[in-house]
Amino acid sequence: ALQGATDESGKAVIPEDWNPPGWEALKSLSAGRFACLGAAAVISSAVLPISDAESEPPAATLPRLSAALEKAKSSCTTILDVCKKLSTLKLEDGEVLDSLCSL
């Protein structure tokens with residue numbers, strides 16, 4: 001959203017060719033996290049449809065669906081941890097920068 005934003009003078013806030021180290025990896029991780037969240041939402045809605053949520057007690061979650069939800073939750077947590085670590089790396093080391101660019 002910020003890539004096309006301009007300041008008061010019409011100058012781009014973020015240059016079009018801006019590509020910091022690890023940017024592609026961070027975007028891929030974020031997309032993966034949201035895909036896991038979406039998958040968990042689909043599984044959850046199959047177990048307990050929204051229209052029945054208020055009138056009936058929750059149905060017992062089937063063991064395999066429960067395991068799938070736990071794996072999705074675990075994956076989301078892991079992806080979030082990796083994103084946090086990527087975003088706080090010290091970027092003074094040329095070797096680290098080179099390895100991030102190859103992700």
Side-chain angles (χ1 to χ4, degrees):
L2 284 177
Q3 295 239 276
T6 56
D7 62 15
E8 303 83 36
S9 66
K11 183 180 175 187
V13 175
I14 298 175
E16 287 185 34
D17 60 347
W18 183 70
N19 191 15
W23 179 241
E24 292 302 317
L26 194 58
K27 288 192 312 187
S28 293
L29 286 165
S30 295
R33 180 167 181 254
F34 286 107
C36 284
L37 289 171
V42 168
I43 292 169
S44 295
S45 67
V47 172
L48 180 63
I50 292 173
S51 61
D52 295 340
E54 293 178 21
S55 61
E56 295 181 16
T61 304
L62 301 173
R64 289 187 184 187
L65 290 179
S66 181
L69 288 170
E70 285 301 318
K71 285 181 183 179
K73 181 179 176 183
S74 174
S75 295
C76 286
T77 301
T78 301
I79 290 170
L80 186 58
D81 289 343
V82 171
C83 287
K84 285 178 182 177
K85 288 177 183 173
L86 268 177
S87 68
T88 59
L89 283 177
K90 300 214 182 297
L91 299 179
E92 292 88 24
D93 186 354
E95 226 174 281
V96 170
L97 288 174
D98 290 342
S99 66
L100 283 175
C101 289
S102 67
L103 291 176

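We're numbering straight along the sequence, starting at 1.
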Interatomic distance, Thr78 atom OG1 to Lys71 atom NZ [nearest 0.5 angstrom]: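 Going from OG1 on Thr78 over to NZ on Lys71, the span is 13.0 Å.
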Partners meeting side-chain hydrogen bond (donor to acceptor under 3.5 Å, both in side chains) with Asp17 (sequence neighbours left out):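 Partners of Asp17 by the side-chain hydrogen bond (donor to acceptor under 3.5 Å, both in side chains) criterion come out as none, since no residue qualifies.
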Leu80: hydrophobic cluster co-members (side-chain, 4.5 Å):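 Besides Leu80, the cluster holds no residue at all.
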Closest heavy-atom pair and its distance - Asp7, Val13: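 Residues Asp7 and Val13, closest heavy atoms: N-CG2, 3.8 Å.
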For Ile79 against Gly32, the heavy-atom pair lying closest together: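 Between these two residues, the closest heavy atoms are CD1-C, 3.8 Å.
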Partners passing side-chain contact (heavy atoms from CB on, under 4.5 Å) against Leu26 (at least two apart in sequence or in another chain):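 Listed in chain order: Cys83, Leu86.
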Test log, rule salt bridge (Lys or Arg N to Asp or Glu O under 4.0 Å), inputs Lys27 and Glu24: CA-CA 5 Å; Lys27 288 192 312 187; Glu24 292 302 317; 3.2 Å; yes
